[in-house]
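Here is how names work: the chains are called A, B, and so on, in the same order as the sequence lines, proteins then strands, and each is numbered from 1. Atom set for the values below is all heavy atoms of this structure, side chains included, hydrogens, waters and symmetry mates excluded.
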Amino acid sequence: MTAVDFLAFTRGPLFDVALIIFIAGLAIRFVEILVLGRRRDFSEPRRGGFGSGLRTMFSRTLPETGTMKRAPTTVVAGWVFHIGFLVTLLLFVPHIEMFQAVLGFGWPGLPTPIIDFAGILAMVAMVVVLINRLRNPVMRFLSGFGDYLPWLLTFLPLITGWLVFHRLLLPYPAMLGLHILSVELLMILFPFTKLMHTFTAFLARYYTGAAFGRKGVQS
Amino acid sequence: MSRFARPHWVEKMSSGMAKPLIGEISAALDTLAATGVAGAIDLSGLPLTATDRAELEVALGSGEVEAKVTAAGTSEIRETGFAGVWWVRHFDAGGRVLAEILEIAFVPQLLGAQGDDIDAAARRLRTELARTPERETGRETVHAD
Amino acid sequence: MQIDETTPNAARSAASGDDRTLGALLAARGVSRRAFLKYSSYLASLLALPASMAPAMAASLAKAQRQSVIWLSFQECTGCTESLTRSLSPTLDDLIFDFISLDYHHTLQAASGHAAEEARMQAMEAHKGKYIVAVDGSVPVKDGGIYSTIAGMSNLDILEETTKDAFAVVAIGSCAAFGGLPLADPNPTGAVPVTELVTDKPVINIPGCPPIPEAMAAVLAHVLTFGILPELDSLGRPKSFYGESVHDRCYRRPFYDRGEFAESFDDEGAKKGWCLYKLGCKGPATSNACATVKWNGGTSFPIEAGHPCLGCSEPGFWDMGGFYRALSVPTGDVARIAAVAAGAGVVAGAAAGALHRATKSAARGKHHTVTVEELEEK
Amino acid sequence: MSANVERAVNAFKEQIDASTAAFFSSCVHCGLCAEACLFYLETGDPKYTPIHKLEPLRRVWWSSYTLFGRLASLIGLAPKVTDDLLKDWKELVYDSCSMCGRCSMVCPVGNDITGMIRKEREGMIAAGHAPDGLKGASSRAIKIGSPMGVTLKAVKAQIGHLEADTGMTIPVNVEGAEYLVLMSSMEIMNYPEYLEAIARIFEAAGASWTIASDAFEATNSGIQIGASDIARELVMRIVAAAERLKVKTVISPECGHAYTALRWEGPNLIGRPFPFKARHILEVLDEFRADGRLQTEGFEEDRLTFHDPCQIVRRGGVIDEPRRLIDMVAKDFVEMDDNGRYNWCCGAGGGVSAIEEAHDLKLTAFLKKKKQLDAVKPEKLMTACANCRIQLEEGMEETGMDIPVIGLTETLAEHLKTPETAKG
């Protein structure tokens with residue numbers, strides 16, 4: 001198999017398979033949560049929970065000041081990683097072209113030097129995150145295979161993508177194939193790992209925000 | 001002039017490549033002076049911007065010799081301000097730059113008459129002398145040989 | 001050895017045992033040694049050899065004998081030959097044909113029929129172990145190779161017979177190098193590239209549809225000068241021409257970096273010469289020298305003419321999911337696949353959810369009331 | 001699977017809902033909940049990380065309520081809940097969690113971890129793996145009427161003393177009264193000034209109120225131990241009395257979990273909305289204040305701070321009311337660093353105060369509050385929860401601090417405008 005055959009395979013059949021597993025897996029996990037339902041709350045609310053829930057979906061993105069002081073590494077590295085990763089994923093023009101193909105719509109991208117910088121930030125932050133996980137007593141205590149695997153699954157697309165972009169290590173088609181392969185691995189394992197938080201965190205934030213909100217507490 | 005066509009704003013930027021190039025020329029010139037061994041740097045293979053090129057030209061300056069060779073298109077040979085450093089540009093018949101070379105030599109290769117050409121010339125001249133006065137073209141003469 | 005008016009020049013010179021050196025031959029053609037030196041400088045530059053090697057190269061070439069070349073055309077369109085015969089600038093364009101003794105090329109040679117095949121056999125005999133076989137076109141192997149025959153012989157048999165005593169094989173063009181169009185899905189003739197068939201001889205691939213003529217000339221010059229093949233990449237391509245991607249050397253690359261892309265062939269971006277990535281440019285995945293050597297005597301290359309690179313010098317370029325589909329875009333019908341997967345996922349999720357709800361109802365049904373009496377016991 | 005484990009798993013299955021599933025799906029093990037938990041912060045032991053306390057519940061969610069988990073358990077790959085696991089988790093679920101809800105406030109993915117602990121306790125108690133102290137409290141609550149064993153007789157005795165001392169009449173079982181006043185056992189036993197304060201304030205406000213002889217106890221051990229069956233019975237007593245006496249509002253006293261039990265869990269435990277309002281005393285007092293029915297005179301001269309009881313503030317939503325009331329009577333009020341919805345627990349909520357084995361742990365947890373107090377150095381510490389008050393007093397005694405702890409309601413009563421001055 002030549003590098004170009006490999007690239008054609010990863011852009012073609014393998015992507016289709018990964019996409020099916022990713023989308024169907026996401027839908028299964030999301031729907032099975034929603035279908036489980038919640039009991040009606042008979043208590044007299046102080047105010048509506050809906051608005052608070054929506055607000056919490058976004059407000060939890062910023063840490064409470066005490067948390068920031070006690071765990072700055074976790075907060076800052078986590079933040080930098082998420083921003084860097086999302087910028088790289090969502091605002092790199094070739095990626096947008098891919099989204100356009102799947103979703104049917106696209107959006108404007110950013111110049112590649114910015115993407116390059118964001119990608120490097122994300123990778124550096126990921127290394128910090130990993131070191132933090134290995135050193136912080138709580139995180140080390142909590143962590144297992146289910147935490148280190150998603151780290152690797154997330155890091156591989158970043159590093160291979162960066163290598164493709166800078167044409168390092170391997171010829172472009174081979175490296176691009178590896179990059180796409182790493183993304184496909186991520187997509188395939190996504191629904192089975194804590195990577196699901198990408199989507200369910202908003203659901204979780206809504207539930208908690210709404211529950212606190214109806215008690216009159218902005219969370 | 002470069003093989004690397006780029007938007008004009010890129011051409012306006014300096015890559016800083018001129019400086020290491022001059023270092024390389026200097027080393028080759030030292031070698032030439034010490035051992036008589038000539039050297040050459042192929043500029044056409046380097047992604048110089050117009051600005052880089054201008055920097056290089058300013059740094060090298062111009063010297064005493066300028067020559068034009070007409071062989072399979074023209075070639076332009078200029079001595080730079082540093083004796084022994086020659087700027088050689090080969091053009092094809094259409095005027096496109098085929099190659100651009102900095103030669104560090106006593107005399108650029110192309111300028112000197114070539115041994116085989118001299119042999120052929122000598123033979124031709126002998127034949128000319130031995131022949132009737134009618135002049136014929138060089139090509140036919142050689143064919144007749 | 002019969003020589004008649006129909007024998008082509010090259011074949012005639014080979015057959016007549018013309019053992020003059022290239023230098024002598026060129027001089028006879030009125031090409032001065034200066035011109036020759038200049039040409040060598042150009043070739044050295046193309047081959048990315050040190051500029052100081054040009055004189056040695058010229059000297060070496062001058063002493064060399066003409067290289068006997070047998071050119072086999074199989075499943076091809078003659079575009080490669082066209083490309084080669086249009087090579088270089090007017091004053092230099094013949095040089096490549098002076099380097100070689102083209103002993104067989106059924107499009108160019110005057111001879112036909114038995115005489116033509118005769119010339120091939122003679123050259124093979126005369127230059128046993130020294131001749132180069134140039135191949136353009138892929139070789140059909142399905143159904144015993146019946147889909148392309150010459151003089152009653154299948155391409156496969158001709159290739160086998162001709163390469164047996166060759167010094168090296170040069171696969172010219174993407175068809176010969178990688179199978180090209182004939183191999184494209186569904187490959188009805190069972191076309192295969194030369195590399196898959198010739199395993200006991202060195203094979204140089206000079207892919208492209210067509211390949212850059214200078215690449216061919218420079219590779220031959222390399223063989224003649226050094227007696228060995230130039231450095232090749234993992235796909236058997238000379239690194240000096242295929243070492244960099246079209247994208248890396250593209251004059252539109254800065255637009256890519258700035259995020260400025262043409263969205264269609266007639267939009268403002270296209271007019272401003274912005275990057276053609278979104279229009280399907282395969283430049284980033286294509287190793288070739290188009291952006292530097294260019295075409296038609298250095299006039300232009302496809303991207304300069306406003307069309308995305310098709311990636312024609314890469315294997316399988318016909319089947320890369322469409323010429324106008326961006327490289328990062330999956331080749332399958334992903335929007336439909338995603339929709340179907342989402343639908344199936346929702347159904348499966350709802351079914352799983354129903355299962356979970358049943359479990360929960362069952363748990364409620366089995367609820368065992370917690371009483372203080374039992375707390376006191378436990 | 002033993003019967004105990006089976007009951008625990010069954011209870012977990014009953015409790016898990018869409019929100020639980022969303023929470024477990026979202027946890028990324030970032031460890032930030034530990035940084036919000038005073039049991040972890042003061043001990044430094046990672047096992048006290050809040051999300052870790054939910055492992056038994058998480059296992060049941062994964063193996064029963066996810067398609068992939070179900071498939072995994074079919075081939076024996078899903079980790080199981082065992083009796084040993086539950087036994088090991090008893091300390092984590094009860095002793096080291098005061099259900100203060102601070103982790104739920106800071107979790108970046110928005111998990112209501114405390115809410116899940118509440119659910120998990122249902123399974124723990126179903127399997128019998130609850131601390132003896134809480135079991136005893138629940139038993140006394142059901143059988144005697146109060147977790148501390150306070151009988152109606154004791155309440156009546158206190159009423160008698162009060163009436164004798166003040167000359168006021170304490171209304172008992174008055175049908176048609178506007179407010180039904182509840183008390184916590186601790187108030188009856190340790191802080192009789194609460195009832196006196198209520199009597200004086202309500203008299204001044206001209207509000208009609210009553211105590212119910214069959215529902216004077218506000219606390220709900222069922223909520224703390226995590227047994228809805230028990231909690232329901234205890235709430236039902238209050239609902240029955242309120243409906244019988246046709247009151248408009250039932251007032252939860254200065255007690256944290258009692259408010260959660262009545263206001264937020266109560267209607268759900270009985271499966272219908274209340275026909276009356278459930279309010280915290282501070283909410284009612286703030287309404288009096290707004291209506292001008294609560295007027296005070298004079299100020300506390302001491303530097304004073306307020307300890308937010310978690311269940312009233314963070315998990316109850318009564319945040320601004322205490323501050324507005326304090327402003328009426330305090331000149332030198334200073335907030336602690338983290339206050340309101342981000343307060344730190346006293347260390348003994350959620351039933352921890354009733355767990356003997358947790359005695360040392362709750363005093364270690366108090367050190368968080370001590371640091372907060374040391375930072376603002378108040379001369380008086382005000383709160384609005386009898387349980388907090390006891391823990392604060394005990395904690396300060398242990399650590400050699402000497403700051404008087406006062407209740408907000410009683411302080412308001414002390415500054416109540418006398419009827420004469422009020423008229424003038």
Side-chain angles (χ1 to χ4, degrees), chain A residues 2-5 7-8 10-37 91-104 106 108-116 164-165 167 171-174 176-177 179-180 191, chain C residues 178 233-235 242-245 247-248 255-261 263 275 277-278 280 282-287 311 314-317 319-321 325-335 337-357 359-360:
Chain A
T2 66
V4 173
D5 289 340
L7 175 60
T10 55
R11 283 177 75 209
L14 197 57
F15 188 88
D16 297 348
V17 170
L19 187 69
I20 289 169
I21 295 174
F22 177 69
I23 300 273
L26 272 189
I28 288 173
R29 290 211 54 185
F30 224 83
V31 171
E32 74 178 347
I33 290 172
L34 294 173
V35 168
L36 203 49
L91 297 176
F92 186 46
V93 171
H95 295 168
I96 297 170
E97 287 297 290
M98 186 273 291
F99 284 115
Q100 167 116 43
V102 176
L103 301 172
L110 286 178
T112 52
I114 297 175
I115 303 296
D116 187 18
V164 179
F165 181 70
R167 298 182 165 61
Y172 190 94
L176 180 62
H179 175 60
I180 296 175
Chain C
F178 304 132
D233 69 6
S234 60
L235 290 176
Y242 299 90
E244 280 173 326
S245 75
H247 180 71
D248 285 342
F255 294 114
Y256 173 88
D257 288 334
R258 288 204 301 198
E260 291 173 335
F261 296 91
E263 304 280 343
C275 178
Y277 185 92
K278 286 187 176 183
K282 305 294 183 294
T286 305
S287 299
E314 294 296 328
F317 81 99
D319 295 324
M320 285 295 277
R325 189 189 285 255
L327 203 52
S328 64
V329 173
T331 53
D333 188 0
V334 284
I337 288 172
V340 170
V346 167
V347 171
L355 208 59
H356 303 336
R357 283 185 81 106
T359 301
K360 192 165 171 174

Between G259(C), G316(C), A338(C), A354(C), the one whose heavy-atom pairs under 4.5 Å with chain A are most numerous: A338(C)

Closest non-hydrogen atom pair between T10(A) and I180(A), with its separation: O-CG2, 3.5 Å

pair S328(C)-F92(A): side-chain heavy atoms closer than 4.5 Å: no

Carboxylate-amine/guanidinium proximity below 4.0 Å for E263(C) and K278(C): yes

Region of L327(C) that comes under 4.5 Å of a non-hydrogen atom in chain A: both

Partner set under side-chain hydrogen bond (donor to acceptor under 3.5 Å, both in side chains) for D233(C), not counting sequence neighbours: R237(C)

L36(A) portion near chain C, given a 4.5 angstrom heavy-atom threshold: both

Minimum side-chain heavy-atom gap D257(C)-F165(A) below 4.5 Å: yes

Portion of A339(C) that has a non-hydrogen atom of chain A nearer than 4.5 angstrom: neither

Stepwise side-chain contact (heavy atoms from CB on, under 4.5 Å) check, R325(C) with R11(A): CA-CA 11 Å; R325(C) 189 189 285 255; R11(A) 283 177 75 209; 4.1 Å; yes

Chain A contact via F261(C) - which portion, at a heavy-atom distance below 4.5 Å: side chain

Between A335(C), S245(C), S287(C), the one whose heavy-atom pairs under 4.5 Å with chain A are most numerous: A335(C)

Under 4.5 Å from a heavy atom of chain C, the part of R29(A) involved: neither

Residue, of A350(C), A352(C), A344(C), that accumulates the most heavy atom pairs under 4.5 Å with chain A: A350(C)

Most chain C-contacting option - heavy-atom pairs closer than 4.5 Å, from I28(A), L7(A), I96(A), L103(A): I28(A)

Chain C contacts, top residue of P94(A), G104(A), G109(A) (heavy-atom pairs, under 4.5 Å): P94(A)

Greatest number of heavy atom pairs closer than 4.5 Å to chain C - which of Q100(A), E97(A), H179(A): E97(A)

Which atom of T112(A) lies closest to which atom of Y256(C), heavy atoms considered: CG2-O, 3.5 Å

Distance-minimising heavy-atom pair for P13(A) and A8(A): CD-O, 3.9 Å

